[in-house]
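Keep in mind the model is a prediction, meaning the values are calculated, not measured.
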Amino acid sequence: MIKCPKCGKELPDGTKFCSKCGAPLSDVKPEEPKKEEPKKEEPKKEEPKKAEPKKADTKKEEPKKEEPKKEEPKKEEPKKEEPKKEEAKKEEPKKEEPKKEEPKKEEPKKEEPKKEEPKKEEPKKEEAKKEEAKKDGEEDGEKIPKKWITYGAIAAAVVVFLILLIALCSGSKSSGKHYAIYLKDKEIMYSNLKPKAAKQVTTKLSKEGDISTDTLVGAASYLRCTLSKDGKTIFFPDRLEASDDGITLYFRNLSKMKKDPVKVDSSMEDYYVNETGTLVTYTKSSDDLYQYNVKKEEKEKIASEVADFRIIDDGAKVVYRKNTGELYLWTKKGSEKLDSDISKIQAVYDKTIYYVKDGSLFKKVGTKDKEKIASEISSVIRTFETGEVYYIKNDGGKMLYFYNGKDSEKIAEYYAGYVTSSTKATAVAFYANESESSSKSKLYVAIKKNVNEVDLEDVAGGSFASDGKSLYVIADLNKDGTAGDLYRISVSGSKIGKPEKYDTDVTGRGLTITDGKVLYFKDYKKNAGDLYCNKKKVDSDVYAYSINYCKDTKQIFYMTDYNSDKEIGTLKVSKNGGKAKKIQDDVYDPVVLPNGYVLYLYDYSTKYSKGDLYLYKGGKPVKLDEEVSVVLSVN
C-alpha cells in the first residue's frame with residue numbers, strides 16, 4: 001500500500017491518482033528525501049465517482065507527463081461488493097432496487113519505492129511537520145493512458161472533482177454562460193440549466209454497448225468536455241470501444257444539434273483545445289503529434305515519436321520533445337530544432353522555454369541562443385514568468401540556488417523540502433536541515449536571494465496569501481502531531497516579520513488563504529472537523545473534501561454528516577463565513593459553478609450509479625433531470 005501525500009489515503013501500489021483528493025501519485029516520490037505521512041486514522045476506502053483532469057493554460061503551460069506511458073497492465077483485480085446497507089431515507093420516496101455487485105475499477109500495479117526517514121525523538125510530531133512538504137519541480141499534467149478501458153474496468157485510478165482539500169471556483173472561460181454537462185443512460189448531455197431541457201451531445205458514447213455505466217462513471221476524468229470561449233462549440237468524446245487506445249474526439253455547434261457531430265480523430269492520448277475553439281493540438285497512441293483546424297475540418301501532422309508538448313499563443317506555437325530527446329518549436333512555417341538530448345521540458349512561458357539536458361538547466365528566449373543556467377542540478381523547485389528560478393544542486397548535500405534571470409547564487413544549505421511559494425513576492429518557503437547528517441529541520445522563507453529563518457518550532461506546512469504579503473504557518477505541534485498554533489508572518493520587500501499567533505489548536509491540514517479569507521480546521525478526525533473562517537467557527541463535522549469557496553459570490557459550500565459508504569452528506573452554504581444555510585440532505589457529488597450556482601445529485605444509488613440532478617441558485621433547489629450518473633468536468 002502507498003499513501004497519498006496530500007490527503008493520506010491508503011491506496012494500492014501502482015495507483016496513479018488518489019481516489020480521494022485527485023493528487024497525482026505516479027511522481028509521488030520526489031527527488032528530495034521522501035517525507036513520511038502522518039499516521040492518522042483514515043476513513044473507510046471509497047471509490048469516488050467523479051474526476052477532474054488538469055487544464056492546459058495558454059499563458060503558463062502546465063507540464064505534461066515527462067514520459068508517456070506506452071501500455072497499461074491488463075491484470076484485473078478481484079471484484080469487491082458494494083456495502084449492502086440500506087439506502088438512507090430521503091425527503092422524496094425512494095424505490096427499492098435489487099442488490100447487485102459493483103464492478104471493481106482496475107488500477108495498474110507497479111512497485112512503488114518507499115524511503116524511510118530516520119526515527120525522530122518525537123516521531124508523530126515530525127511526521128506531521130513534514131506532511132505538507134511537496135515534491136521538487138512543477139506538477140506534471142494528466143495524460144490519458146493507452147487502453148483506458150480494459151476488459152470493462154478502468155485502467156486509470158478514479159479521481160474526484162475537488163482536487164484540493166479546499167477547492168476554489170473562479171470564472172469560466174465560456175463567456176460567463178453557465179450550464180451542466182453530465183452522463184445519463186451512458187450518453188453525455190448538455191443542459192442550459194432549465195428543467196428537462198437537456199440535449200444529448202453524443203451519438204453513442206459506447207459504440208458497441210460493451211462499456212458499462214460504472215466504467216464510464218469511473219472514467220469521468222477522461223470523458224472531459226471542452227467549450228469554446230463563446231459557448232457555442234462543444235468538444236466531447238464519443239463512439240468509444242473497450243479496446244480503444246485513448247479516446248475519439250468530436251465537436252458540434254450547440255445551436256445546430258440536428259447536424260451530425262464532426263470527428264476530430266481517434267486514439268487521442270493527450271489533447272488541448274484553444275480558448276476560441278478553433279484549434280485542437282493532440283498526440284495519438286502512436287506518439288504522433290497533430291493539430292486540427294476546426295474551421296477547415298483538417299488535421300496537420302506536426303511530428304512523429306513525440307514524448308510531450310506545450311502550447312504557446314493559444315495554439316499558434318507548439319513546443320515539443322521527441323522520444324529521442326530533440327526539442328522543437330513548431331509554427332505554421334514549420335518546425336525549428338532548438339536542442340537535442342534533453343530529458344525534460346521544465347516550463348514554458350510566452351517567450352521563454354526552460355528545459356533540462358544532461359543534468360543542466362537551460363533557457364531559450366525567443367530567437368536568442370540558448371543559455372545554460374546551471375550544471376549538475378538535482379531538481380527545479382520553481383520557475384517564475386518574470387525569469388527567476390529556484391533550483392537544487394548536490395554539493396555535499398542539497399543546496400538551494402536562486403537564479404535572478406542573469407546570475408545564480410547559492411542561498412541555503414541542506415535543503416530538505418518544499419512548503420509553498422508566491423508568484424507575487426517571488427518567494428519560496430522551504431525546510432532545511434542544520435547539517436548534512438542532521439534530520440532536524442527549520443522553516444525558511446527565500447524572497448528572491450534573501451533567506452529569512454522563521455523563528456518557530458515544529459512547523460507543519462503553510463500557505464502564502466494571494467497578494468504575497470502574508471505567510472500563514474502551523475507550528476508548535478502537540479505531542480501526537482495532529483494540531484498546533486496558526487501563525488501569520490508578514491512579508492515586506494526582502495524581509496519577513498515576527499510570527500504573530502493567529503489561532504490555536506489548528507489542524508495541520510486544509511489550510512487555505514484566498515480572497516482575504518483564512519480557512520482552516522480544528523478538531524479534525526477522519527477527514528472531518530470544525531471549519532473556521534477568519535477565526536470564526538463556520539460549522540462542525542465538515543467533510544474536508546467537500547469544501548468549495550466561490551470568489552464571485554464570497555460563499556463557502558461544504559457538506560456535513562458525510563457518509564463515506566454512501567458518499568452522501570448534508571450540503572450547506574455560508575457567505576463570508578457567516579451563519580450556515582442548509583441546502584439539502586443526502587447530497588451526492590456537488591459541483592459549484594462560478595456564479596455560485598450548485599449542481600448536485602440527490603436520491604443517488606451507488607449500486608446503479610443513478611440519481612436526480614438538482615440546481616441550487618439561492619432559493620429552493622430545482623430538479624433538472626432524473627437518472628443522472630455523474631456531472632462531468634468542463635475545460
Side-chain angles (χ1 to χ4, degrees), residues 4-8 20-23 35 37-38 40 125 127-134 162-168 417-425 427-431 443-445 454 456-478 480-491 496 499-540 542-549 551 556-558 574 576-577:
C4 172
K6 281 194 175 181
C7 70
K20 175 57 64 179
C21 71
K35 310 292 185 280
E37 292 295 313
K40 301 179 181 179
K125 215 182 233 191
E127 288 165 4
K129 179 178 176 180
K130 300 301 183 184
E131 155 187 87
E132 297 294 329
K134 302 175 184 177
L162 304 180
I163 62 172
L164 298 176
L165 200 61
I166 297 179
L168 309 175
Y418 170 87
V419 177
T420 186
S421 61
S422 169
T423 55
K424 290 285 187 180
V428 170
F430 62 95
Y431 296 117
L443 179 67
Y444 296 85
V445 178
V454 178
L456 291 172
E457 298 294 331
D458 299 319
V459 178
S463 178
F464 278 101
S466 55
D467 60 7
K469 295 180 180 180
S470 300
L471 171 66
Y472 291 81
V473 298
I474 297 172
D476 303 335
L477 300 179
N478 56 21
D480 59 7
T482 57
D485 295 334
L486 177 61
Y487 289 85
R488 178 188 177 274
I489 303 169
S490 63
V491 178
I496 64 172
E500 300 174 356
K501 188 175 291 188
Y502 186 84
D503 206 344
T504 59
D505 299 320
V506 175
T507 301
R509 309 186 72 165
L511 174 64
T512 300
I513 318 298
T514 182
D515 196 30
K517 306 290 188 300
V518 183
L519 301 171
Y520 53 93
F521 281 96
K522 290 189 179 187
D523 194 23
Y524 186 90
K525 297 176 182 177
K526 297 183 179 180
N527 288 334
D530 297 341
L531 176 65
Y532 281 74
C533 176
N534 294 349
K535 301 183 182 181
K536 183 178 179 181
K537 184 176 177 179
V538 178
D539 210 335
S540 300
V542 176
Y543 181 55
Y545 300 100
S546 69
I547 302 173
N548 197 311
Y549 176 71
K551 289 185 178 181
I556 308 168
F557 296 90
Y558 59 92
S574 166
N576 286 318

Criterion side chain to side chain contact (heavy atoms under 4.5 Å, CB included) on Val518 and Lys535, from CA distance to verdict: CA-CA 8 Å; Val518 183; Lys535 301 183 182 181; over 6 Å; no
With rounding to the nearest 0.5 angstrom, report the [atom1] to [atom2] distance, [X] to [Y].
X	Y	atom1	atom2	result
Leu486	Ser463	CG	OG	10.5 Å
Thr420	Phe464	OG1	CZ	6.0 Å
Asp505	Ile474	CG	CD1	11.0 Å
Lys424	Ser466	NZ	OG	8.0 Å
Leu531	Asp523	CG	CG	12.5 Å
Ile489	Leu471	CD1	CG	5.0 Å

Verdict with reasoning, Asn527 to Tyr543, per side chain to side chain donor-acceptor pair (under 3.5 Å): CA-CA 6 Å; Asn527 288 334; Tyr543 181 55; 5.2 Å; no
Does [X] reach the side chain of [Y], with side-chain heavy atoms less than 4.5 Å apart?
X	Y	result
Tyr532	Lys522	yes
Val445	Phe430	no
Val454	Tyr444	no

Looking only at non-hydrogen atoms, find the nearest pair between [X] and [Y] and report the distance.
X	Y	result
Phe521	Ala544	CZ-CA, 3.7 Å
Asn478	Thr482	OD1-N, 2.9 Å
Gly516	Asn534	O-ND2, 3.4 Å
Gly577	Lys536	O-CD, 3.9 Å
Leu511	Gly462	CD2-CA, 4.2 Å
Ala425	Gly468	CB-O, 3.7 Å

Under the side-chain contact (heavy atoms from CB on, under 4.5 Å) test, residues paired with [X] that sit two or more places apart:
X	answer
Lys501	Asp485, Tyr487, Thr504
Ser470	Ala465, Tyr472, Arg488
Ser540	Asp530, Lys537

Trace of the side chain to side chain contact (heavy atoms under 4.5 Å, CB included) decision for Tyr418 with Val428: CA-CA 8 Å; Tyr418 170 87; Val428 170; 4.0 Å; yes
Test item: side-chain donor near acceptor, Tyr549 and Asp515, under 3.5 Å: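 Yes, because at least one side-chain N or O of Tyr549 sits under 3.5 Å from a partner of the opposite role on Asp515.
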Pair Asp503-Tyr520, side-chain donor/acceptor within less than 3.5 Å: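 Side-chain D/A pair, Asp503 to Tyr520: present.
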Worked verdict on Leu443 versus Val419 for side chain to side chain contact (heavy atoms under 4.5 Å, CB included): CA-CA 9 Å; Leu443 179 67; Val419 177; 3.9 Å; yes
Flag, side chain of Tyr524 to backbone of Gly508, donor-acceptor distance under 3.5 Å: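 The answer is no, because no donor-acceptor pair under 3.5 Å joins these two groups.
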